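Input: a single structure, listed below in structure tokens.
All values reported here derive from a predicted model rather than from experimental measurement.
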Amino acid sequence: MTKSALTPELDELYRGFRQQWLSPLWTAVDDLMPVQPTPTAIPHRWHWQDLLELAERAGELVPVGRGGERRAIALANPGLGGRPFATPTLWAAIQYLMPGEDAPEHRHTQHAFRFVLEGEGVWTVVGQDPVAMRRGDFLPQAGWNWHAHHNQAATPMAWVDGLDIPFQYAVDAQFFQFGRDSVSDAERTTPERSRSERLWGHPGLRPVAVDQRTTGSPLLAYRWADTDHALRDQLELASEGFPGVLEPGHAAVRFTNPTTGGDVLPTIRAEVHRLQRGQDTAPREEVGSSVFQVFDGSGVVTVGDQTWSVVRGDLFVVPSWTSYRFRSEAGSTDSDSGSLDLFRFSDAPIFEALHLGTGRPDLEVNA
Ligand code: 1HN
């Protein structure tokens, strides 16, 4: 079908289409079927320091309670029309709790996690299991689990929440329920280890008697000491000439569900990457979108046509099919090792489940 000049007859035809809620393909095919993804989300970076200052101000001005539910302030990608969406599939927010504050119990079908950049003193109670949150910990919480948070420390605490809200919003899959208005005293105590960690937190070992198929990981906390150790071991092995790293000087681990070995949540993949001092990565592009947070160190990040210097806590978005690469800045001041540690989460499990792959289909077929 070639595009022809608009005659009165064609104009009449198009009016007929509109009146009957119809839309011809031939005027929309370039938009609907681009030769490669043309993301509406754009590369964008948020400074942690700016987020923290605004969250602190929200802590002074905005109470937490039933109705508003959480003092969470979402990253709104400038390409996505002001919606609280970091990418078309992913929500990312800074959440802030003042000393003594409770975030009330509720549950929702959206899959979620917390990642802690700094501080401690907040516990999250997931399915009545109190779980401590400390720097570097990753806390997944699959959909439809009851959860509440409480800050029992004398200082405020901030962390990052990731959820698949934009995805579930786009496909009309969300359900939500309020829980109890306050949790029991037993749930207010913070044991050193949660029940989930005592049952599921032993490497390579699963409880024989527990065969339940949970949605997402039954392990509710992945502690920084383990993540750090795994990354250090990968780099040490590499220096001894053994495989394991992603590329020279670049170690990476993925949080997995101990019952399956697969991704920790049905819709969200989460990883930590460590780039040794002075190293850079090869450029990559993938179908699907990611949010990164600098956990430690500093570096230079290029995403599409943007290049940013990033420091501890800064967040940035990599839209679908947008080239990205990193460089660790030698001699950074806030990290002992000079390496750049990046926390990353993405929607990769959705794309893999739908066989939308991570790259161009012809390249994948020929690979
Ligand atoms: C939620 O339940 C949490 O539990 C954080 O901490 C962010 C954003 C939208 C809807 C529910 C939380 C959320 C959320």
Geometric class of the F326/Y324 ring pair [parallel <30°, tilted 30-60°, perpendicular >60°]: tilted
Residue pair E247, R284: steps toward the salt bridge (charged side-chain N to carboxylate O under 4.0 Å, His left out) verdict: CA-CA 12 Å; E247 60 190 328; R284 292 179 168 75; 3.1 Å; yes
Neighbour count above 12 (heavy atom, 6.0 Å) for F175 CZ: no
Within 6.0 angstrom of R327 CZ, more than 12 heavy atoms from elsewhere: no
Between T307 and T302: side-chain donor-acceptor atoms closer than 3.5 Å: yes
Donor-acceptor under 3.5 Å (S196 side chain, L220 main chain): yes
Side chain H47, main chain Q49, donor-acceptor under 3.5 Å: no
ILVMFWY network linking W200 to V253, side-chain heavy atoms under 4.5 angstrom: yes
Sub-4.5 Å side-chain heavy-atom contact between L340 and E329: no
Ion pair E105/R180, N-O distance below 4.0 Å: yes
Salt bridge (charged side-chain N to carboxylate O under 4.0 Å, His left out) between D296 and R274, worked out: CA-CA 9 Å; D296 211 349; R274 173 167 295 167; over 6 Å; no
Nearest atoms (heavy-atom pairs only) where P319 meets P39: CB-CB, 3.9 Å
Check: H150 side chain, A103 main-chain N or O, donor-acceptor pair, under 3.5 Å: no
Cluster overlap V300 with F316, hydrophobic side-chain contacts below 4.5 Å: no
Audit row: L342, L275, side-chain contact (heavy atoms from CB on, under 4.5 Å) steps and yes/no: CA-CA 8 Å; L342 292 168; L275 200 54; over 6 Å; no
H108 side chain near Q177 side chain, heavy-atom distance below 4.5 Å: no
Aromatic ring proximity W159/H149, centre distance under 6.0 Å: yes
Donor-acceptor contact below 3.5 Å, side chain D102 vs main chain P104: no
More than 12 heavy atoms from other groups under 6.0 Å of NE2 on H202: yes
Expected output: side-chain R134 to main-chain A132 donor-acceptor under 3.5 Å: no
Test log, rule salt bridge (charged side-chain N to carboxylate O under 4.0 Å, His left out), inputs D129 and R198: CA-CA 11 Å; D129 187 8; R198 290 159 67 194; over 6 Å; no
Side-chain heavy-atom pair V62, R57 within 4.5 angstrom cut-off: no
No-hydrogen, no-angle side-chain donor-acceptor test under 3.5 Å, Q168 and D164: yes
Pair F343 and F292, ring centroids less than 6.0 Å apart: no
Donor-acceptor under 3.5 Å (E101 side chain, M98 main chain): yes
ring-ring contact (aromatic ring centres under 6.0 Å, His included) evaluation trace for F85 with Y169: CA-CA 10 Å; F85 301 161; Y169 183 88; 5.7 Å; yes
Pair Q95-D161, side-chain hydrogen bond (donor to acceptor under 3.5 Å, both in side chains): steps then yes or no: CA-CA 7 Å; Q95 183 166 163; D161 293 309; 2.5 Å; yes
No-hydrogen, no-angle side-chain donor-acceptor test under 3.5 Å, S339 and R277: no
L80 side chain reached by P88 side chain, heavy atoms, under 4.5 Å: yes
Residue pair L163 / H111, side-chain heavy-atom distance below 4.5 Å: no
Check: F17 main-chain N/O paired with Q20 side-chain donor or acceptor under 3.5 Å: no
Hydrophobic cluster membership, V317 vs V272, 4.5 Å side-chain cutoff: yes
Residue pair Q293, R344: steps toward the side-chain hydrogen bond (donor to acceptor under 3.5 Å, both in side chains) verdict: CA-CA 6 Å; Q293 185 178 34; R344 172 192 195 178; over 6 Å; no
Under 3.5 Å side-chain donor-acceptor pair for Y222 and S217: yes
R325, CZ: over 12 other non-hydrogen atoms inside 6.0 angstrom: no
Any residue meeting ring-ring contact (aromatic ring centres under 6.0 Å, His included) with W224, in chain and number order, not counting sequence neighbours: F295
Gap between atom CZ of R135 and atom CZ of R223 - 0.5 Å precision: 14.5 Å
Distance-only donor-acceptor check, side chains D50 and W48, under 3.5 Å: no
Side-chain donor or acceptor of D31 paired with backbone N/O of A28 under 3.5 Å: no
Flag side-chain contact, heavy atom, 4.5 Å: V126 against W146: no
Expected output: side-chain N77 to main-chain I42 donor-acceptor under 3.5 Å: yes
Residues forming a salt bridge (charged side-chain N to carboxylate O under 4.0 Å, His left out) with D347, sequence neighbours excluded: none
Verdict with reasoning, E69 to H106, per side-chain hydrogen bond (donor to acceptor under 3.5 Å, both in side chains): CA-CA 8 Å; E69 301 298 296; H106 65 208; 2.7 Å; yes
Connected via hydrophobic side-chain network under 4.5 Å: I94 and F115: yes
Side-chain donor-acceptor pair present, E197, S194, cut-off under 3.5 Å: yes
Flag, side chain of D263 to backbone of L265, donor-acceptor distance under 3.5 Å: no
Validation row: L139, W123 side chains within 4.5 angstrom (heavy atoms): no
ILVMFWY cluster, V131 and F138 together (side-chain gap under 4.5 Å): no
